[in-house]
Structure formats: structure tokens, C-alpha cells
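Each ligand, and each atom within it, is numbered from 1 in the order the structure gives. Bear in mind that the values here come from a model prediction, so they are computed numbers and not experimental data.
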Amino acid sequence: MEHPENDSKYLGLTVNSGVAQPPIVNPYARARVRRKPIPEASELVEGILKGDVTMLSRAVTLIESTAADHYARAQEVIEKCLPHSGNSRRIGLTGVPGAGKSTSIDVFGLHVLREPGARLAVLAIDPSSERTKGSILGDKTRMEKLSLQPNAFIRPSPSAGSLGGVARKTRETIVLCEAAGYNNIFVETVGVGQSETAVHSMVDFFLLIQVAGTGDELQGIKRGIMEMADGIVINKADGDNIPRTQLAQAQFRSALQLFPPAPSGWKPEVLTYSGYFELGIPEVWDMIDRYFAFVKENGYFEQKRRQQARYWMYETIDEQLRSHFYNDPDIAATLLKLDREVETNRRSSFTAARDVLDRYFSSKSL
Ligand code: GDP
């Protein structure tokens with residue numbers, strides 16, 4: 001419509017008609033975000049075996065998905081990749097937040113990649129991601145140098161599900177990474193809870209990263225974690241901190257003497273280094289190389305991998321049973337009711353558990 005002030009009774013400037021405002025939402029955006037169809041299992045496998053990182057990432061996304069059809073396709077891919085897996089050094093790294101894991105993985109990773117033909121995948125198991133829905137480990141931005149390396153594949157922790165579920169997904173991702181030619185696998189976790197056991201059960205070498213300077217160094221470290229470690233390394237051995245790290249080294253060495261011998265026959269070593277100033281890194285890797293030579297020689301390497309394969313079968317059964325049970329809508333509703341009854345003492349924990357299990361099993365036997 002013509003503007004009223006353009007009427008002949010108004011003199012002076014004319015008012016131009018306005019320009020149509022573009023819509024707030026880009027009409028093309030919908031078309032753009034439409035996802036590409038998920039490739040067939042055979043296509044994914046072919047890509048992975050060629051070392052195609054996009055295909056590898058897509059397959060890992062399928063592993064991490066909670067959708068049933070994704071799960072089925074992921075399992076098909078894993079099954080086909082399995083014969084091509086296994087050819088790697090799997091190394092677990094743990095340490096409390098702030099111990100310097102990301103700084104260290106960055107420099108350890110670069111060190112490993114210096115070997116001709118080396119490729120490295122960095123994966124993570126982060127129990128905190130369950131609660132916060134945000135992963136603190138394996139984030140690309142935490143490993144600045146490594147993330148620029150074409151031979152490095154960094155994948156944050158899968159976030160959804162129980163620790164068992166998260167760990168299984170990481171275990172399956174190892175298979176795909178190995179099939180894609182990654183011959184070094186780092187699995188990182190925070191040294192605060194049960195996730196160490198999960199990592200320990202999927203790696204060949206378990207490295208505990210410690211820091212000195214808190215007085216009694218051994219306090220706060222669970223005995224079980226120390227017992228799992230094939231090597232203990234004390235980070236931040238630089239500047240004024242050197243005497244403290246040396247003291248911690250002596251304390252750890254004497255503490256380790258009290259432990260029973262490891263089934264591998266290997267005596268865990270305690271070293272100091274500085275991730276930030278890149279001091280003592282070759283020595284840490286020399287220890288790891290010696291470990292691999294030792295366990296390959298005495299047969300423990302193969303034995304442990306076979307044990308781990310069995311362990312993961314049972315873990316997967318446990319996890320699938322649990323998730324099948326808890327994801328059943330009828331069970332979920334029953335549990336909600338029973339939960340309150342048990343809490344308010346109207347029902348005993350045991351009869352409530354028996355009732356809900358009976359309900360589950362009777363629905364299965366139909
Ligand atoms: P993460 O939480 O275990 O991943 O630890 P980060 O790698 O993020 O390191 C925590 C802090 O310790 C950062 O401020 C680092 O700069 C610092 N840091 C890491 N390694 C060293 C080291 O070797 N020497 C010193 N002095 N500081 C370090």
C-alpha cells in the first residue's frame with residue numbers, strides 16, 4: 001500500500017516503500033540438516049579397512065547410538081572388522097583430574113607417531129559424562145598438537161548409558177580403529193572410580209599418572225588402582241617440583257614392593273617426567289616398549305587378550321540383560337511404584353525385587 005504521507009497534501013520528501021524482511025528461519029535449513037542415509041554395513045567395513053576416517057567416525061557413531069537398528073548394524077560392522085583387528089598396542093592411561101593426562105597424551109602421542117607407520121587412536125571412558133551429559137575426556141581441544149596430526153584419531157567418551165555400556169562401546173570402537181589401521185590405541189579415564197577396572201580389562205598396558213606435592217602421595221589412591229598399574233609415572237617433574245617428585249617416586253617404589261607379584265611376571269616401574277616441558281618422555285616409552293617385549297616373549301600378552309575377550313562377552317551379556325530389563329516400559333512403571341513403597345517402608349526390598357523379577361520373567365516366558 002502506498003504510504004499515507006506520499007499524499008499530495010504532504011509536501012517534501014517521499015517515503016519509499018520498505019524492503020520485505022527475510023524470514024527468521026532459513027527456509028533452506030531444513031533441507032540442509034537432513035542427514036545422509038547411514039551407509040550399509042558392507043560399505044562401512046570397506047571404508048574402515050581402507051582407513052577412511054569419515055567411515056570410521058560414522059561407524060563409531062552407530063556403536064554409540066541407542067537405536068536398535070543402529071545397534072544391529074554396528075554389530076554387523078564389528079563382526080566383519082574383527083578378523084582385521086588386534087594388531088595394536090592398547091595402552092590405558094589414568095590419573096585424577098589435573099594430573100596432566102591431556103598434556104601428557106598430547107606429548108606421548110607425538111612421540112609414538114614419530115615411529116614410521118605409526119597411527120594413533122585416542123579414546124576415553126568418562127564416568128562423569130553419564131551424570132553431566134558432557135564428556136570431560138577425549139575432547140579434541142584438550143590435545144591441541146595431537147588433534148592436528150593426520151595420523152591421530154581422537155574420539156571423546158561415549159556419553160549415554162551406564163558405565164558398563166560406555167565401556168563396551170569404547171571396547172567395540174577399539175576393534176574398528178584397529179581394523180582401520182590404528183596400531184596404537186590410548187584409552188584414557190579419570191582415576192576416580194570403577195572406570196579403571198573397565199579400562200584395565202581392555203588394554204595391554206595400564207599407566208597410572210600421578211602428581212607429587214600433596215604430602216602423603218599414597219593417600220587417596222585406591223590400592224586396587226595401584227595394583228592394576230604396569231607403570232606409575234609421576235608428572236610435573238620440573239622446576240621446584242623435582243625434589244617432591246623424587247620423594248614420591250621413592251614412596252611408590254617401596255609401596256609396590258608390598259604388592260604380590262603381577263600375573264604378567266613384570267615388575268611395575270616408577271618414573272618421573274614432565275609432560276608440559278617434555279622431559280623424560282622417551283624414558284616412559286622405553287619402559288612401555290620393554291613391557292611389550294617382555295609379555296610377548298613370555299606369552300602373557302596373548303593370554304591376557306584371550307581372557308579379555310571372554311570378559312567382554314560376559315560384560316556384554318550383563319549389560320544387555322540390564323538394559324533390556326530397565327528399558328521395558330512395564331518394568332519401568334512397576335519399578336516406579338515399588339520404589340516409593342520400598343522407600344516408605346511399606347514393602348521390603350526383597351519382596352519388591354522378587355515381584356518385579358517375577359513379572360519380567362513371566363512376560364518373557366509367554
Ligand atoms: P588432566 O585433567 O589430567 O587432563 O590435566 P591437564 O593436562 O589438563 O593438566 C592440568 C594442569 O597441569 C594444566 O594447567 C597443565 O598446564 C598442568 N601441567 C600438566 N603437565 C604439567 C607438567 O609436566 N608440569 C607442570 N608444571 N604443569 C603441568
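Checked against side chain to side chain contact (heavy atoms under 4.5 Å, CB included), Arg73 has the following partners two or more places apart in sequence or in another chain: Ile38, Glu40, Ala41, Leu62.
Sorted by first and then second residue, the pairs that involve residues 305-315 and meet side-chain hydrogen bond (donor to acceptor under 3.5 Å, both in side chains), not counting sequence neighbours, are Asp204-Arg305.
Taking every non-hydrogen atom of Ser102 and a distance limit under 4.0 Å, the qualifying atoms of ligand 1 come out as 1 (P), 4 (O), 6 (P), 7 (O), 8 (O). Below 4.0 Å from some heavy atom of Ser274 lie the following atoms of ligand 1, by number and element: 22 (C), 23 (O), 24 (N). In summary, the atoms of ligand 1 found under 4.0 Å from a heavy atom of Ala99, numbered by their order in the structure, are 3 (O). Residue-ligand proximity, Asp238 to ligand 1, at heavy-atom distances under 4.0 Å covers atoms 22 (C), 23 (O), 24 (N), 25 (C), 26 (N).
Rounding to the nearest 0.5 Å gives a distance of 9.5 Å between CD of Gln257 and NZ of Lys267.
Using a 4.0 Å heavy-atom cutoff, Val96 is listed among the residues neighbouring ligand 1.
Ligand 1 has no nitrogen or oxygen under 3.5 angstrom from a nitrogen or oxygen of Phe277. Geometrically, ligand 1 and Glu188 share no nitrogen or oxygen pair separated by less than 3.5 Å.
Between atom 3 (O) of ligand 1 and the options Met143, Lys101, Lys236, the minimum heavy-atom separation is to Lys101. By heavy-atom distance, the residue among Pro97, Gly100, Ala237 lying nearest atom 5 (O) of ligand 1 is Gly100.
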* To do: Step by step, work out the side-chain contact (heavy atoms from CB on, under 4.5 Å) result for Arg155 and Ser57.
  => CA-CA 9 Å; Arg155 186 85 187 186; Ser57 302; 3.8 Å; yes
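Checked against the 6.0 Å centroid threshold, Phe292 and Tyr300 do not count as a close aromatic pair.
Looking only at side-chain heavy atoms (C-beta outward), Glu178 and Cys81 stay at 4.5 Å or farther from each other.
For the residue pair Thr272/Thr245, the side-chain donor-acceptor check at 3.5 Å is not satisfied.
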